[in-house]
Amino acid sequence: MLVIDVLQSKRRKTAQPARATAADLSDSDDSDAPLGKQLANKKAEIEADAEKEAKKIQAKEKKAKAAPKKKVKDESDDDDDKPLAKKKAPAKAKAKVKTETTPKKAAAKGKGKAAKVETEQDAEAEDEEEEYRWWEQEKSDGTKKWDTLEHNGVVFPPEYEPLPNHVKMAYDGIPVTLKPEAEEVACMYGSMLHSTVNVENPTFNKNFFQDFSEYLDKTGHATDRDGKKVKITKFEKCDFKPIFEWYTAEREKKKALSTAEKKELKKEKDEAEAAYMYCLWDGRKQKVGNFRVEPPGLFRGRGEHPKTGKVKKRVRPEQITINIGKEATVPAPPEGHNWKEVKHDNEGTWLAMWQENINGAYKYVMLAANSDVKGQSDFKKFEKARELKKHIARIRDDYQKEMKSDMMADRQRATAIYLIDQLALRAGNEKGDDEADTVGCCSLKFEHVTLKPPSTVVFDFLGKDSIRFYQEVEVDPQVFKNLKLFKKSPKGEGDDIFDRLNTSGLNKHLSNYMPGLTAKVFRTYNASWTMARLLKELGDKGLKGSIPEKVNAYNEANRRVAILCNHKRTVGAGHAGQMEKMQTKINGLRYQQWRVKQMMLDVDPKMKKKKGADFFELPEDIDQEWVLEHQKALVEESREKIKKKFEKDNEKLLAEGGKKMSGKELDERLEVADELEKKFKKENKSGKVEAEGKGPTIEKLEGNMDKLSQRIEAMKLQSEDKENNKEVALGTSKIVSSPSRKT
DNA sequence: CCAAGGACTTAGTACATCGTGC
DNA sequence: GCACGATGTACTAAGTCCTTGG
C-alpha cells in the first residue's frame, strides 16, 4: 500500500507514506498535554469572542439595512456626477464622450431608485438619494458584469525622444553614438543609476546587458566621433553617467518650474486624458483605474527574480485587446494601427488587455478601486470573511481532529489550515523556475521550518514580494509532531513539507464548509477580527487619555494587524538619523525643563526644601558635556536663523527696488544669539538660571514645566511609534479596514 | 487529473502633495 | 512662509484562484 501511495504522488520528489506508521501515531492522542490546554484556553477565548463579534455584526447588519451607510458625497462636490461634457473639457472632449450626455436608460437595470441614472437636470439636484447604491443591489449570479459598457480605450506613453547630440554614453572612455532604438535601452538603464537596489544587482545587470547587446546587434553597432565602429562587449566598460546626469538635469528643470507653470502643464495633461479617465458602465460614469499603457523600461522584478533587468518592450496597439459594449463606439487605435482584437465580453470587468513580453503576464485596464464594481467586490470579500465567522469554530474543531488522522493527506491538510488560520500564511501556489523563489503555506519547504523541542517552530522563508517571514512560534503539540513527521527522512532540503497537498485541494476542502471559502479568506477574517478586537479594547480604555495617546493606541492596533499579515517595508535610509534627531530634541526639552526648575530656585530658593534636592538635578543621562554641545547647537541654530532671515529680507528689499541692509544691521540682529551665548556661559559658571519672562512666579513656571512634560511625552510616544513602525507597512492594512472612497 | 490560460486581488515602492511646527 | 516629514496616489509586480482543454 505504501508503495502505491508513493507512486501516486509522483509529482513530488519526496513523499511520505499515506498512512502514518504506528510509531508516528503512538503518541498522537494525548490531546490534553500541557500545551494543549494553553491553546485550548486561547481557542475558547477566540471562539467566545468570535461569537460575540458575530452577534454584534448581525445587529449592525440590521442597523445598516435601516440606515444604509451613506456614500461619501464628494462626488457631488467634485461635479463628478455630472456628464463629462459639462466639465471644463472643451469641444474635443465633448465630441468624444458625446454618448455620456445621453445615458442609455434602456440598459439601466435594477429596481427603482437604485437604477436612477443622472441626467443634466438632476445632476444639479446634488441629492444623495439619487446615487447608485450598489451595496443595496440584490445579488446577481455573478457572471454577467454589465449590460452596456462605453469607454475611450487607453493612453499610450509618448514615443522615445532621442538624446541631444552632446549627451552620449561612453564606452571604454569614448563617447559613442547609438541607434535610437539601442539608445532608448541605454537610457532605461542610465536614467535609473540612482536606484542602487537594481544597479548593484548582478542579475539585473546581466539581464540588462544581454538585452542591450541584442538591441545593439539588431540596430547596427555604435560609432565613435569619427563614425568608426565601436564594439560594445563588456558591461563594465559602459559608462551611463552622462545619460544619468542629463536625465537628472531634466528632472531638476521640471522641478524648478514655477507653480503656475506646473499647474498649466498638469491642466494640459488632464485635459488630454479627461476622456480616458471615466467610462460608462451600465450608463453610470465610473472612474477607470489604469488607462495608461505601461511604458517600456527595465523589468524590476523583486527579490531574486531571474528576469529582473530585462527590457520590457513598448506595447503596440496590435497587442491590445479592447473589451467594450456591442453598441458602443470602439475607440480608434492610433493612426495607422489596429487593435489586436475587439471583444464584447460582459462577463469580464476589464476594458483593455495585453500581454507583457517578459513573463507573458496579462495586463488589464480595469476600473478604479473606488468604482461601483470594485466596491461591490470588496464588499463581497468582507461579507465572505464575516460569513466565515459562522463556520470558524467547526473548521477549527475539525482541523484539530484531522491533525491526528491516519491519512497522511488529511493530516497535512489540517496542519496547513492550522498554519493559515493561526499565522495568517498565504495559500502558497506552486511557482516556476523563472520566478523568484518564494513560498506560501502549501509550498513550504523542508528548510523553511525548524523544530525546537518541545513545541516551538521557527518559520523562516521568503513570501510574496520576497518579504521575509521570520517567526518563532509556540504551536499546538500536535502541529509540532506533524511537522516533524512531514520532515522525516528521506526528505531533505528542497523537498516540500506538504507533499500531499496543493492549493486547489486545500481550497476544494475549504469550500465544503462554505461556498467560496478559500485560504485567502482567513487572512481577511483574521485581520478584520484582530482590528475589531483591538479597536474595541481601545474604546473601552482608550477614551480617556490625551490625543497623542489615542493616536498612538490606534496606530498600535493598526500595527498589530500589519504585523499579523507580515506587511513589511524596507527601513528608510534616513531612519537612524531621524531617530537620533528626535532623541536630541527630547533631550533638549528635558534640558529646558531642568532650566525651568533652576528658575524656580531663582524665584524662590525655599523650593529646594519643598521639592527635595533631587528634583533639581540634571537627568542622569544628560551630562555637562552634552549640555555644552547642546548650548552651542542652540546658539548656532539661532545665528543661522537670523542670517537666513536677513538674506531673505534683503532679497525682498532688492526685489522691491530698495537697497540692501548693511552688515552692521546683521551684526545688530545677531546680538540676540550672542546674548543667548552669554547667558549660557553665565549659567554654566554660576550654576544658576535666572528666571525668564516678566513677573515670573512659581505658578507660571509650574505651568511651563507641565507644557514641557506634555511635549516630551508626546515626542517620546511619537518616537516610539516611529521606531516600532520602521519596518511595518501600515498602508495596506489601513486600506483593508477602511478603503478610500475619494473620487 | 494536470498544466496552462485567464481574471482578479494584494502589495511594496517611487513620487506628488499636503500640512504643520518653527 | 518654508522646509520637512507625513500622507496619499500611481504604478506595476506578485500573488490567489477559477476555468479550460488535452
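Chain identifiers are assigned alphabetically (A, B, ...) following the order of the sequence lines, protein sequences preceding nucleic acid strands; residue numbering begins at 1 within each chain.
- The two residues A:R468 and A:N566 have their closest heavy-atom pair at O-ND2, 3.2 Å.
- Checked against the 6.0 Å centroid threshold, A:F299 and A:H305 count as a close aromatic pair.
- Residues A:N566 and A:Y364 both approach DNA chain B. Their nearest nucleotides, taken by heavy-atom distance, put A:Y364 toward the 5′ side.
- When rounded to the nearest whole Å, the span between CD of A:E294 and C1' of C:dC11 equals 7 Å.
- Taking only side-chain atoms of A:H567, from C-beta outward, the nucleotide of B:dT9, B:dA11, C:dA14 with the closest atom is B:dA11.
- Rounded to an integer number of Å, the gap from A:Q355 CD to B:dA4 C1' is 11 Å.
- Among all heavy-atom pairs drawn from A:V315 and A:E294, the shortest one is CG2-O, 4.3 Å.
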Using a 4.0 Å heavy-atom cut-off, write out nucleotides 15-22 of chain C from 5' to 3' as B (base contacted by protein), S (sugar-phosphate only) or - (no contact). SBBS----

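- When all heavy atoms of A:F459 and A:L419 are compared, the pair lying nearest together is CZ-CD2, 3.7 Å.
- To the nearest angstrom, C1' of C:dT12 lies 14 Å from CG of A:L298.
- Ion pairing between a basic and an acidic side chain is recognised when a charged N comes within 4.0 Å of a carboxylate O; A:D378 and A:K374 show no such pairing.
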Identify each atom pair where a protein N or O and an N or O of nucleotides 14-21 of chain B are less than 3.5 Å apart, giving names and distance.
none

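- Closest approach to the A:D378 side chain among B:dG12, B:dT10, B:dA7 is made by B:dT10 (side chain taken as heavy atoms from C-beta onward).
- In this structure, A:I395 and A:I417 approach most closely via the heavy-atom pair CG2-CG2, 4.3 Å.
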